[in-house]
Amino acid sequence: MTSPQPAETRTPKRSAQSATLAEIAREAGVSAPTVSKVLNGRADVAPATRARVEELLRVHGYRRRRAEATRSPLIDLVFHELESAWAMEVIRGVENVARDTGLSVVLSESAGRLTPGRSWADQVAARRPHGVILVLSGLDEPQRALLTSRSIPFVVMDPAGDPGADVPSIGATNWQGGLAATRHLVELGHTRIGAISGPTRMMCSRARVDGYRAALETAGLPVDPELITTGDFHHETGYRQGLNLLRRPDRPTAVFAGNDLQALGLYEAARELGLRIPQDLSVVGFDDLPVARWVGPPLTTVRQPLMEMAEAAARLVLDLGRDDGSPAATRVELATSLEVRSSTAPPAA
(Lines give C-alpha, C1' and ligand atoms only; values in the text may rest on other atoms or scores of the structure.)
Protein backbone atom coordinates (compact mmCIF):
# COMPACT_ATOMS: atom_id res chain seq x y z
CA MET A 1 0.00 0.00 0.00
CA THR A 2 1.54 3.30 -1.07
CA SER A 3 0.64 6.41 0.87
CA PRO A 4 -0.05 9.59 -1.13
CA GLN A 5 2.85 11.97 -1.25
CA PRO A 6 2.38 15.30 0.55
CA ALA A 7 1.45 18.14 -1.74
CA GLU A 8 4.31 20.55 -2.35
CA THR A 9 2.93 24.04 -2.03
CA ARG A 10 6.30 25.74 -2.54
CA THR A 11 9.36 25.13 -4.65
CA PRO A 12 12.53 24.53 -2.66
CA LYS A 13 15.07 27.25 -3.22
CA ARG A 14 17.94 24.78 -3.31
CA SER A 15 18.31 21.09 -4.07
CA ALA A 16 17.53 18.39 -1.49
CA GLN A 17 21.24 17.73 -1.13
CA SER A 18 22.16 21.36 -0.37
CA ALA A 19 19.24 22.66 1.71
CA THR A 20 20.46 24.02 5.05
CA LEU A 21 18.79 24.37 8.42
CA ALA A 22 19.00 28.14 8.06
CA GLU A 23 17.07 28.06 4.78
CA ILE A 24 14.44 25.75 6.22
CA ALA A 25 14.12 27.97 9.30
CA ARG A 26 13.73 31.06 7.13
CA GLU A 27 11.04 29.45 4.99
CA ALA A 28 9.19 28.20 8.09
CA GLY A 29 9.42 31.59 9.79
CA VAL A 30 11.20 30.22 12.84
CA SER A 31 14.72 30.28 14.23
CA ALA A 32 17.42 27.76 13.31
CA PRO A 33 17.49 26.47 16.94
CA THR A 34 13.76 25.68 16.61
CA VAL A 35 14.42 23.61 13.50
CA SER A 36 17.22 21.87 15.39
CA LYS A 37 14.81 21.08 18.23
CA VAL A 38 12.38 19.49 15.77
CA LEU A 39 15.20 17.45 14.24
CA ASN A 40 16.24 16.26 17.68
CA GLY A 41 12.71 15.32 18.74
CA ARG A 42 12.55 17.87 21.53
CA ALA A 43 9.13 18.27 23.13
CA ASP A 44 9.28 22.05 23.68
CA VAL A 45 8.00 22.97 20.20
CA ALA A 46 4.39 23.92 19.48
CA PRO A 47 2.54 21.22 17.50
CA ALA A 48 1.68 23.61 14.63
CA THR A 49 5.28 24.78 14.38
CA ARG A 50 6.56 21.21 14.48
CA ALA A 51 4.17 20.18 11.69
CA ARG A 52 5.24 23.15 9.53
CA VAL A 53 8.95 22.40 9.99
CA GLU A 54 8.46 18.66 9.41
CA GLU A 55 6.64 19.39 6.15
CA LEU A 56 9.50 21.58 4.94
CA LEU A 57 12.03 18.94 5.92
CA ARG A 58 10.09 16.46 3.81
CA VAL A 59 9.75 18.89 0.89
CA HIS A 60 13.50 19.56 0.90
CA GLY A 61 14.29 15.87 1.44
CA TYR A 62 16.56 16.95 4.27
CA ARG A 63 18.77 14.22 5.71
CA ARG A 64 21.10 14.74 8.62
CA ARG A 65 24.72 14.82 7.52
CA ARG A 66 26.75 11.89 8.82
CA ALA A 67 28.77 14.22 11.04
CA GLU A 68 25.54 15.46 12.60
CA ALA A 69 23.94 12.05 12.99
CA THR A 70 25.51 11.00 16.29
CA ARG A 71 23.79 7.72 16.96
CA SER A 72 23.01 6.08 20.27
CA PRO A 73 24.31 2.50 20.67
CA LEU A 74 20.75 1.15 20.33
CA ILE A 75 18.44 -0.82 18.08
CA ASP A 76 14.73 -0.10 18.52
CA LEU A 77 12.57 -3.25 18.31
CA VAL A 78 8.84 -2.60 18.01
CA PHE A 79 6.08 -5.21 18.43
CA HIS A 80 2.37 -4.71 17.88
CA GLU A 81 1.93 -7.14 20.82
CA LEU A 82 4.59 -8.31 23.23
CA GLU A 83 3.20 -11.28 25.12
CA SER A 84 4.17 -14.65 23.69
CA ALA A 85 6.98 -17.12 23.14
CA TRP A 86 6.90 -16.02 19.50
CA ALA A 87 8.14 -12.58 20.55
CA MET A 88 10.88 -14.11 22.70
CA GLU A 89 12.36 -15.89 19.67
CA VAL A 90 12.48 -12.59 17.79
CA ILE A 91 14.07 -10.78 20.73
CA ARG A 92 16.75 -13.45 21.01
CA GLY A 93 17.62 -13.08 17.34
CA VAL A 94 17.96 -9.29 17.49
CA GLU A 95 19.91 -9.55 20.75
CA ASN A 96 22.38 -11.96 19.13
CA VAL A 97 23.31 -9.37 16.49
CA ALA A 98 23.19 -6.42 18.88
CA ARG A 99 25.48 -8.13 21.37
CA ASP A 100 28.03 -8.95 18.67
CA THR A 101 28.11 -5.31 17.55
CA GLY A 102 28.18 -3.73 21.02
CA LEU A 103 24.61 -2.41 20.86
CA SER A 104 21.61 -2.64 23.19
CA VAL A 105 17.97 -3.29 22.28
CA VAL A 106 15.05 -1.01 23.22
CA LEU A 107 11.65 -2.78 23.24
CA SER A 108 8.39 -1.03 22.42
CA GLU A 109 4.82 -2.23 22.02
CA SER A 110 2.11 -0.51 20.01
CA ALA A 111 -0.74 -2.04 22.07
CA GLY A 112 -2.14 -4.10 19.19
CA ARG A 113 -2.01 -1.27 16.63
CA LEU A 114 -0.27 -2.03 13.36
CA THR A 115 1.29 1.46 13.36
CA PRO A 116 3.01 2.96 16.44
CA GLY A 117 1.76 6.29 17.79
CA ARG A 118 3.25 9.67 16.97
CA SER A 119 4.83 10.02 20.41
CA TRP A 120 6.82 6.85 19.71
CA ALA A 121 8.27 8.34 16.53
CA ASP A 122 9.30 11.50 18.38
CA GLN A 123 11.01 9.42 21.08
CA VAL A 124 12.90 7.40 18.47
CA ALA A 125 13.99 10.59 16.72
CA ALA A 126 15.32 11.90 20.04
CA ARG A 127 17.14 8.62 20.81
CA ARG A 128 18.72 8.40 17.34
CA PRO A 129 19.26 4.62 17.41
CA HIS A 130 21.31 2.78 14.81
CA GLY A 131 18.05 1.48 13.36
CA VAL A 132 14.45 0.42 13.94
CA ILE A 133 12.95 -3.05 13.43
CA LEU A 134 9.15 -3.25 13.30
CA VAL A 135 7.55 -6.67 13.83
CA LEU A 136 4.09 -7.27 12.34
CA SER A 137 3.82 -3.50 12.24
CA GLY A 138 4.52 -0.63 9.88
CA LEU A 139 4.95 3.11 9.64
CA ASP A 140 2.64 5.75 8.25
CA GLU A 141 4.01 8.31 5.81
CA PRO A 142 4.80 11.05 8.38
CA GLN A 143 6.66 8.53 10.59
CA ARG A 144 8.67 7.27 7.65
CA ALA A 145 9.55 10.83 6.65
CA LEU A 146 10.56 11.64 10.24
CA LEU A 147 12.95 8.69 10.50
CA THR A 148 14.32 9.30 7.01
CA SER A 149 15.03 12.95 7.80
CA ARG A 150 17.08 11.79 10.82
CA SER A 151 18.93 9.14 8.76
CA ILE A 152 17.45 6.41 10.99
CA PRO A 153 17.05 3.24 8.88
CA PHE A 154 14.13 0.89 9.47
CA VAL A 155 13.20 -2.66 8.48
CA VAL A 156 9.84 -4.42 8.74
CA MET A 157 9.93 -8.05 9.87
CA ASP A 158 6.99 -10.30 8.97
CA PRO A 159 4.97 -7.33 7.63
CA ALA A 160 1.27 -7.34 8.44
CA GLY A 161 0.42 -5.89 5.03
CA ASP A 162 2.29 -4.92 1.91
CA PRO A 163 5.02 -2.61 3.28
CA GLY A 164 5.62 -0.97 -0.11
CA ALA A 165 8.30 -1.52 -2.72
CA ASP A 166 10.66 0.96 -1.08
CA VAL A 167 10.51 -0.51 2.44
CA PRO A 168 13.14 -3.15 3.38
CA SER A 169 11.47 -6.23 4.85
CA ILE A 170 12.23 -9.73 6.10
CA GLY A 171 9.58 -12.43 5.87
CA ALA A 172 9.05 -16.16 5.48
CA THR A 173 7.50 -18.39 2.83
CA ASN A 174 4.07 -18.47 4.48
CA TRP A 175 2.17 -19.72 1.41
CA GLN A 176 4.61 -22.58 0.95
CA GLY A 177 4.29 -23.43 4.66
CA GLY A 178 0.50 -23.63 4.48
CA LEU A 179 0.79 -25.77 1.37
CA ALA A 180 3.28 -28.18 3.00
CA ALA A 181 1.20 -28.52 6.18
CA THR A 182 -2.00 -29.35 4.33
CA ARG A 183 -0.31 -31.58 1.75
CA HIS A 184 1.13 -33.64 4.63
CA LEU A 185 -2.38 -34.20 5.98
CA VAL A 186 -3.72 -35.07 2.53
CA GLU A 187 -0.94 -37.60 1.98
CA LEU A 188 -1.87 -39.26 5.28
CA GLY A 189 -5.35 -39.83 3.84
CA HIS A 190 -7.38 -36.99 5.40
CA THR A 191 -10.12 -35.53 3.22
CA ARG A 192 -11.94 -33.29 5.73
CA ILE A 193 -9.28 -30.85 6.90
CA GLY A 194 -10.16 -27.77 8.91
CA ALA A 195 -8.18 -24.56 9.32
CA ILE A 196 -7.93 -21.97 12.08
CA SER A 197 -6.40 -18.92 10.45
CA GLY A 198 -4.85 -15.86 12.05
CA PRO A 199 -6.22 -12.33 11.63
CA THR A 200 -7.38 -11.68 8.07
CA ARG A 201 -5.77 -8.21 8.16
CA MET A 202 -2.33 -9.84 8.33
CA MET A 203 -0.65 -10.83 5.07
CA CYS A 204 1.16 -13.81 6.61
CA SER A 205 -2.14 -15.26 7.85
CA ARG A 206 -3.85 -14.91 4.48
CA ALA A 207 -0.86 -16.48 2.72
CA ARG A 208 -0.96 -19.56 4.99
CA VAL A 209 -4.66 -20.11 4.32
CA ASP A 210 -4.10 -19.60 0.59
CA GLY A 211 -1.47 -22.36 0.75
CA TYR A 212 -3.98 -24.59 2.57
CA ARG A 213 -6.57 -23.98 -0.16
CA ALA A 214 -4.03 -24.65 -2.91
CA ALA A 215 -3.08 -28.01 -1.37
CA LEU A 216 -6.73 -29.12 -1.21
CA GLU A 217 -7.48 -27.95 -4.74
CA THR A 218 -4.36 -29.63 -6.13
CA ALA A 219 -5.45 -32.90 -4.49
CA GLY A 220 -8.93 -32.58 -6.00
CA LEU A 221 -10.55 -32.04 -2.58
CA PRO A 222 -13.31 -29.46 -2.01
CA VAL A 223 -12.55 -26.33 -0.02
CA ASP A 224 -15.37 -26.18 2.53
CA PRO A 225 -15.72 -22.61 3.87
CA GLU A 226 -17.49 -24.03 6.94
CA LEU A 227 -14.21 -25.67 7.97
CA ILE A 228 -12.18 -22.42 7.79
CA THR A 229 -12.39 -20.32 10.95
CA THR A 230 -10.68 -17.06 11.85
CA GLY A 231 -8.53 -16.62 14.95
CA ASP A 232 -6.08 -14.08 16.30
CA PHE A 233 -2.93 -16.18 16.82
CA HIS A 234 -3.71 -16.66 20.54
CA HIS A 235 -4.25 -19.86 22.56
CA GLU A 236 -7.78 -18.88 23.63
CA THR A 237 -8.98 -18.51 20.05
CA GLY A 238 -7.53 -21.87 19.10
CA TYR A 239 -9.53 -23.38 21.96
CA ARG A 240 -12.82 -21.63 21.06
CA GLN A 241 -12.60 -22.18 17.33
CA GLY A 242 -11.41 -25.73 17.97
CA LEU A 243 -14.58 -26.44 19.94
CA ASN A 244 -16.67 -25.02 17.10
CA LEU A 245 -14.99 -27.26 14.54
CA LEU A 246 -14.89 -30.43 16.64
CA ARG A 247 -18.53 -30.20 17.79
CA ARG A 248 -19.75 -30.35 14.20
CA PRO A 249 -21.56 -33.61 13.32
CA ASP A 250 -19.28 -33.85 10.27
CA ARG A 251 -16.20 -32.70 12.14
CA PRO A 252 -12.81 -32.61 10.42
CA THR A 253 -10.37 -35.44 11.05
CA ALA A 254 -7.43 -33.02 10.84
CA VAL A 255 -6.90 -29.30 11.44
CA PHE A 256 -4.20 -26.91 10.25
CA ALA A 257 -3.83 -24.22 12.92
CA GLY A 258 -2.43 -20.86 11.80
CA ASN A 259 0.24 -20.93 14.49
CA ASP A 260 1.47 -23.08 17.38
CA LEU A 261 -0.42 -21.18 20.07
CA GLN A 262 -3.73 -21.83 18.31
CA ALA A 263 -2.71 -25.46 17.86
CA LEU A 264 -2.21 -25.75 21.63
CA GLY A 265 -5.67 -24.27 22.17
CA LEU A 266 -6.99 -26.90 19.78
CA TYR A 267 -5.26 -29.59 21.89
CA GLU A 268 -7.24 -28.36 24.89
CA ALA A 269 -10.53 -28.42 22.96
CA ALA A 270 -9.86 -31.98 21.80
CA ARG A 271 -9.13 -33.15 25.36
CA GLU A 272 -12.32 -31.54 26.61
CA LEU A 273 -14.34 -33.42 23.97
CA GLY A 274 -12.60 -36.73 24.65
CA LEU A 275 -10.75 -36.83 21.31
CA ARG A 276 -7.26 -38.32 21.17
CA ILE A 277 -4.42 -36.78 19.18
CA PRO A 278 -3.50 -38.20 16.69
CA GLN A 279 -5.80 -41.25 16.83
CA ASP A 280 -9.00 -39.20 16.49
CA LEU A 281 -7.62 -35.86 15.30
CA SER A 282 -4.42 -34.83 13.53
CA VAL A 283 -3.08 -31.33 14.24
CA VAL A 284 -0.47 -29.22 12.44
CA GLY A 285 0.76 -25.87 13.74
CA PHE A 286 2.97 -23.11 12.38
CA ASP A 287 6.12 -21.45 13.86
CA ASP A 288 7.88 -24.35 15.62
CA LEU A 289 8.17 -22.64 18.97
CA PRO A 290 10.17 -24.54 21.60
CA VAL A 291 6.94 -25.60 23.31
CA ALA A 292 5.95 -27.56 20.17
CA ARG A 293 8.51 -30.22 21.09
CA TRP A 294 7.45 -30.39 24.74
CA VAL A 295 3.69 -30.91 24.53
CA GLY A 296 2.13 -34.36 24.47
CA PRO A 297 2.09 -35.51 21.80
CA PRO A 298 4.88 -33.38 20.26
CA LEU A 299 3.37 -31.10 17.64
CA THR A 300 3.86 -31.46 13.90
CA THR A 301 4.39 -27.92 12.72
CA VAL A 302 5.79 -25.68 10.02
CA ARG A 303 9.10 -24.25 11.15
CA GLN A 304 9.28 -20.53 10.62
CA PRO A 305 12.91 -19.51 11.27
CA LEU A 306 12.01 -16.71 13.67
CA MET A 307 15.42 -16.27 15.24
CA GLU A 308 17.14 -16.29 11.86
CA MET A 309 14.59 -13.81 10.51
CA ALA A 310 15.25 -11.49 13.44
CA GLU A 311 19.01 -11.80 12.97
CA ALA A 312 18.63 -11.02 9.27
CA ALA A 313 16.48 -7.97 10.06
CA ALA A 314 19.05 -6.68 12.56
CA ARG A 315 21.95 -7.16 10.15
CA LEU A 316 20.01 -5.48 7.36
CA VAL A 317 19.07 -2.41 9.39
CA LEU A 318 22.71 -1.99 10.47
CA ASP A 319 23.89 -2.36 6.87
CA LEU A 320 21.42 0.29 5.76
CA GLY A 321 22.74 2.63 8.43
CA ARG A 322 26.28 2.23 7.13
CA ASP A 323 25.29 3.25 3.58
CA ASP A 324 25.91 6.92 2.72
CA GLY A 325 23.46 6.91 -0.15
CA SER A 326 19.85 5.86 -0.53
CA PRO A 327 19.96 2.05 -0.61
CA ALA A 328 17.64 0.12 -2.85
CA ALA A 329 14.74 -1.60 -1.10
CA THR A 330 15.58 -5.09 0.10
CA ARG A 331 12.94 -7.79 0.50
CA VAL A 332 14.00 -11.20 1.80
CA GLU A 333 11.93 -14.34 2.45
CA LEU A 334 13.45 -17.16 4.48
CA ALA A 335 12.33 -20.72 3.76
CA THR A 336 9.87 -22.58 5.99
CA SER A 337 10.02 -26.37 6.51
CA LEU A 338 7.67 -29.02 7.85
CA GLU A 339 8.70 -30.66 11.12
CA VAL A 340 6.80 -33.97 11.39
CA ARG A 341 6.28 -35.19 14.96
CA SER A 342 3.60 -37.22 16.72
CA SER A 343 0.44 -35.11 16.37
CA THR A 344 -0.41 -36.40 12.87
CA ALA A 345 -1.41 -39.86 11.67
CA PRO A 346 -3.74 -41.45 9.10
CA PRO A 347 -7.44 -41.01 9.93
CA ALA A 348 -9.19 -43.70 11.90
CA ALA A 349 -10.94 -46.31 9.77
Side-chain angles (χ1 to χ4, degrees), residues 1-76 78 106 108 110 113 115-134 137-156 163-168 317-329:
M1 182 171 60
T2 304
S3 302
Q5 297 297 316
E8 296 192 12
T9 57
R10 54 184 69 81
T11 301
K13 296 178 181 177
R14 302 181 66 183
S15 72
Q17 296 299 319
S18 59
T20 66
L21 290 185
E23 288 176 323
I24 292 171
R26 188 160 52 249
E27 195 167 346
V30 299
S31 66
T34 298
V35 176
S36 180
K37 287 180 180 180
V38 173
L39 275 170
N40 292 323
R42 293 270 296 276
D44 53 339
V45 179
T49 301
R50 180 186 300 277
R52 188 163 69 252
V53 172
E54 291 283 8
E55 180 183 356
L56 285 169
L57 290 170
R58 288 195 294 272
V59 168
H60 283 283
Y62 183 84
R63 296 174 68 90
R64 296 179 64 89
R65 296 181 182 89
R66 183 163 294 276
E68 297 174 312
T70 304
R71 291 175 175 154
S72 301
L74 304 170
I75 296 176
D76 264 71
V78 186
V106 176
S108 303
S110 57
R113 299 189 304 269
T115 302
R118 172 67 200 207
S119 61
W120 167 85
D122 288 336
Q123 292 165 7
V124 171
R127 279 196 294 270
R128 294 186 213 155
H130 274 63
V132 175
I133 300 171
L134 300 113
S137 302
L139 298 174
D140 59 28
E141 191 61 32
Q143 291 169 338
R144 289 174 56 182
L146 177 63
L147 296 188
T148 300
S149 71
R150 308 308 192 277
S151 295
I152 300 173
F154 55 88
V155 170
V156 179
D166 59 339
V167 177
V317 81
L318 294 178
D319 288 344
L320 294 173
R322 284 189 285 266
D323 195 324
D324 289 326
S326 298

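The figures here come from the full heavy-atom set of this structure, side chains too, leaving out hydrogens, waters and symmetry mates. Computed from a prediction, not measured in an experiment: that's the story for all the values here.
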- Message: Do D76 and F154 make a side-chain contact, defined as non-hydrogen atoms from C-beta onward lying under 4.5 Å apart?
- Response: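 Counting from C-beta outward, D76 and F154 never come under 4.5 Å.
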Of all heavy-atom pairs between [X] and [Y], which one has the smallest distance, and what is that distance?
X	Y	answer
R71	P153	NH2-CD, 4.4 Å
A121	Q143	CB-CG, 4.0 Å
I152	R128	CD1-CA, 4.0 Å

- Could you grab the distance from atom CG of D140 to atom CG of L146, nearest 0.5 Å is fine?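 The CG atom of D140 sits 10.0 Å away from the CG atom of L146.
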- To the nearest 0.5 Å, tell me how far T148 OG1 sits from E141 CD.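 Between atom OG1 of T148 and atom CD of E141 there are 8.5 Å.
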- Determine yes or no for a side-chain-to-main-chain donor-acceptor pair under 3.5 angstrom, with R144 supplying the side chain and L139 the backbone.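 Between the backbone of L139 and the side chain of R144 there is no qualifying donor-acceptor contact (under 3.5 Å).
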- Ignoring hydrogens and geometry, is there a side-chain-to-backbone donor-acceptor pair from R52 to G29 under 3.5 Å?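 No.
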- Message: Please enumerate all residues that pass side chain to side chain contact (heavy atoms under 4.5 Å, CB included) together with V155, with sequence neighbours excluded.
- Response: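 P168, I170, A313, L316, V317, L320.
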- Query: Taking only residues two or more places apart in sequence, or in another chain, which ones meet S72 in a side chain to side chain contact (heavy atoms under 4.5 Å, CB included)?
  - Reply: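 Result, side chain to side chain contact (heavy atoms under 4.5 Å, CB included) vs S72: L74.
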- Message: Which residue is it: L147, I75, V124? I am looking for the one with a side chain to side chain contact (heavy atoms under 4.5 Å, CB included) to P129.
- Response: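 The side chain to side chain contact (heavy atoms under 4.5 Å, CB included) with P129 is passed solely by V124 among L147, I75, V124.
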